[in-house]
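Chain A is the first sequence line, chain B the second, and so forth, proteins listed ahead of strands; every chain is numbered from 1.
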Protein chains: 2
Amino acid sequence: MTSIQMIEAARDRLAGRVRRTPLLSSPFLDEIAGRRIFVKPECLQHTGSFKFRGAWSAISALSPEVREKGVIAFSSGNHAQGVALAAKLHNIPSVIVMPSDAPRIKIANTKAFGAEVVLYDRATEDRDAIGAKLSHERNLTLIRPFDEPLVIAGQGTTGLEIAEQAGEEGIGTADVLVPTGGGGLASGVALALEAKAPALRVRTCEPLGFDDFARSLEAGTIQRNASQTGSICDAIVTPQPGSLTFPILSRLAGPGIAVSDDEALQAVVLAFSRLKIAVEPGGAVALAAALFHGETLSDTVIVIASGGNIDNDVFDAAFKRFG
Amino acid sequence: MTSIQMIEAARDRLAGRVRRTPLLSSPFLDEIAGRRIFVKPECLQHTGSFKFRGAWSAISALSPEVREKGVIAFSSGNHAQGVALAAKLHNIPSVIVMPSDAPRIKIANTKAFGAEVVLYDRATEDRDAIGAKLSHERNLTLIRPFDEPLVIAGQGTTGLEIAEQAGEEGIGTADVLVPTGGGGLASGVALALEAKAPALRVRTCEPLGFDDFARSLEAGTIQRNASQTGSICDAIVTPQPGSLTFPILSRLAGPGIAVSDDEALQAVVLAFSRLKIAVEPGGAVALAAALFHGETLSDTVIVIASGGNIDNDVFDAAFKRFG
């Protein structure tokens with residue numbers, strides 16, 4: 001179970017390794033939303049997403065003898081890059097098992113960070129079997145993307161920064177909108193805020209049709225997504241909430257919010273023109289929720305822009321439609 | 001004359017008003033350049049450029065009786081927006097005289113920040129006469145874009161942050177590459193570094209054909225640009241170095257660097273894909289210099305990305321060619 005002490009310990013291990021991303025804002029976005037919006041751009045984090053925090057947290061906590069054999073991860077991209085770079089900086093090997101239809105920029109970057117990338121076909125191959133064989137043969141440690149206390153602790157360091165920055169900005173009560181796949185970032189942030197800024201409340205944000213967390217939080221039990229394909233928000237589509245993350249968010253988060261693909265793409269374009277940041281669609285769902293689904297939100301909202309690894313053609317298409 | 005004391009006083013006036021922008025980096029950029037590159041993204045500053053610093057510095061230093069009558073500025077865009085927002089936040093009127101061919105996003109934003117925008121035709125109208133008439137009639141205070149000690153002091157706060165951040169990153173000796181128009185940012189940064197981090201040396205960066213600072217520094221006397229039109233780097237094209245900024249940079253800066261328009265556009269695209277930031281062409285010339293003109297540079301360079309107010313069609317064209 002992840003505790004605030006584990007999050008603070010992760011912060012210490014991450015010190016000097018992770019970027020403290022700023023809080024951005026724009027009067028133009030406030031005007032669209034009818035409320036104050038602050039954006040925490042984790043797209044500016046190393047590897048272009050918050051995932052580097054959790055990966056560093058988990059790898060840095062391994063014993064040297066275990067760590068030196070290497071790590072393995074399954075990921076369509078952002079966790080892959082986070083693990084690959086954190087492994088490289090620890091001078092250990094990493095193997096990343098990625099679906100062959102992952103965004104090209106994510107596959108290319110993961111390789112460039114020094115990982116051995118093993119591609120598989122989502123339709124015909126069994127990812128877990130591939131991973132189990134590799135990790136058994138080479139004694140690799142599996143770094144889970146979200147259902148892992150040390151990863152949740154690492155992502156929670158984002159929440160520690162938000163608590164501090166909200167104080168600096170004089171923000172009292174606020175909803176904190178978090179793009180949510182398996183729930184690692186949202187649950188880590190929620191735990192940090194519970195301890196450090198209890199007037200800030202996490203809200204999960206997901207693509208319409210892939211809103212397993214919103215439905216699970218409403219039902220009080222874990223609900224699955226009907227499909228895992230068909231969203232442009234590749235970074236945050238997962239089968240169902242994590243078994244560790246769901247209880248945390250069930251206790252600490254407000255109702256979930258779902259946004260359409262078009263709303264996410266509009267948020268991508270507005271983040272570029274108004275905040276001067278590159279955000280991928282899955283990383284922009286929280287901003288989209290703040291801009292277009294304000295009905296149930298507080299007057300001030302803090303939004304995490306969780307990743308920026310967008311393929312050129314996706315950005316270009318968004319820009320053409322909404323730029 | 002701007003002193004380090006004036007820069008530190010400006011920092012105090014700017015505290016809580018200006019963003020402390022982070023230092024970004026990417027192993028992909030380091031590989032292209034063959035050296036370590038750190039990027040200070042002032043495109044993430046309020047109004048999308050460093051100009052807000054100088055505008056706030058100058059306006060906040062006016063006596064209340066003078067300030068309340070309002071301010072006036074001449075600018076093609078980034079200084080315009082900085083003055084407009086700083087005036088708005090001081091609850092005073094502002095008049096901005098802009099060329100009618102300034103980037104649309106800059107004209108629109110300046111108006112949205114509450115300024116009265118007066119457009120003039122560069123070819124047929126006399127900007128100074130328009131401004132003199134307006135400021136005389138309404139007792140407006142002129143906020144000069146660069147040849148003004150309080151503005152230089154405000155831009156110099158960027159240098160104070162660079163000195164601190166270089167220390168945090170363990171950077172010893174480095175060239176600090178600065179996009180340079182009139183020289184306000186470069187001279188403010190140079191003065192701050194002289195006092196706080198003398199192993200960091202400013203290098204001015206300009207578009208080829210508009211490299212009045214590079215030629216002036218080489219000649220030891222102020223040289224003019226042959227033309228003021230024809231560069232995509234609208235933000236940093238000025239007739240000649242400032243009479244206050246030139247002596248400062250003549251004493252403190254290394255040789256200037258000039259980059260081609262295509263190099264600037266490539267830097268725009270790489271800043272987007274590798275750093276996840278939107279940078280306008282004029283704001284990207286220092287990054288372009290680091291990437292493509294490394295011959296005379298130190299092994300570690302710090303680059304200022306000075307602004308991000310790029311029109312959609314310019315970005316789209318750059319993206320198509322180099323994305």
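- Checked against a 6.0 Å centroid threshold, the rings of B:Phe319 and A:Phe315 count as neighbours.
- Residues B:Leu287 and B:Ala271 come closest through the heavy atom pair CD2-CB, 4.0 Å.
- Residues B:Phe113 and B:Phe52 keep their aromatic ring centres 6.0 Å or farther apart.
- Between A:Glu164 and A:Arg20, at least one side-chain N (NZ, or NE/NH1/NH2) sits under 4.0 Å from a carboxylate O, which counts as a salt bridge.
- Contact annotation for B:Ile105: only side-chain heavy atoms (C-beta onward) come within less than 4.5 Å of a heavy atom of chain A.
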Throw together a table of side-chain donor-acceptor distances under 3.5 angstrom for residues 272-281 of chain B, partners on residues two or more places apart or in other chains.
unit_1   : atom_1 : unit_2   : atom_2 : d
B:Ser273 : OG     : B:Val269 : O      : 3.3
B:Arg274 : NH1    : A:Asn109 : OD1    : 2.9
B:Lys276 : NZ     : A:Gly308 : O      : 3.2
B:Lys276 : NZ     : A:Asn309 : OD1    : 3.0
B:Lys276 : NZ     : B:Ser273 : O      : 2.8
B:Glu280 : OE1    : B:Lys106 : NZ     : 2.7
B:Glu280 : OE2    : B:Asn78  : ND2    : 2.9
B:Glu280 : OE2    : B:Gly308 : N      : 3.4
B:Glu280 : OE2    : B:Asn309 : N      : 3.0

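- Here the CZ atom belonging to B:Arg36 is positioned 5.5 Å from the CD1 atom belonging to B:Ile171, to the nearest 0.5 angstrom.
- Residues of residues 88-96 of chain B lying within less than 4.5 angstrom of chain A, judged on heavy atoms, are absent.
- Between chain A and the residues B:Leu85, B:Asp316, B:Leu23, B:Asn312, the largest count of heavy-atom pairs under 4.5 Å involves B:Asn312.
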*Let me see the working for A:Thr158 and A:Arg53 under side chain to side chain donor-acceptor pair (under 3.5 Å), right down to the final yes or no.*
CA-CA 8 Å; A:Thr158 317; A:Arg53 295 178 186 261; 3.2 Å; yes
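- More than 12 heavy atoms of other shown residues, nucleotides or ligands fall within 6.0 angstrom of atom CG in A:Asp101.
- Near-neighbour residues of residues 39-49 of chain A relative to chain B, defined by a heavy atom under 4.5 Å from a heavy atom of that chain, comprise A:Cys43, A:Leu44, A:His46, A:Gly48.
- Residues forming a side chain to side chain donor-acceptor pair (under 3.5 Å) with A:Glu31 (at least two apart in sequence, or on another chain): none.
- Counting heavy atoms from C-beta on, the side chains of A:Val18 and A:Trp56 never come closer than 4.5 Å.
- For a residue to count as touching a neighbouring chain, one of its non-hydrogen atoms must lie under 4.5 Å from one of that chain's; by this rule B:Thr21 does not touch chain A.
- In this structure, CG in B:Asp261 is found 5.0 Å from SG in B:Cys233, a value given to the nearest 0.5 Å.
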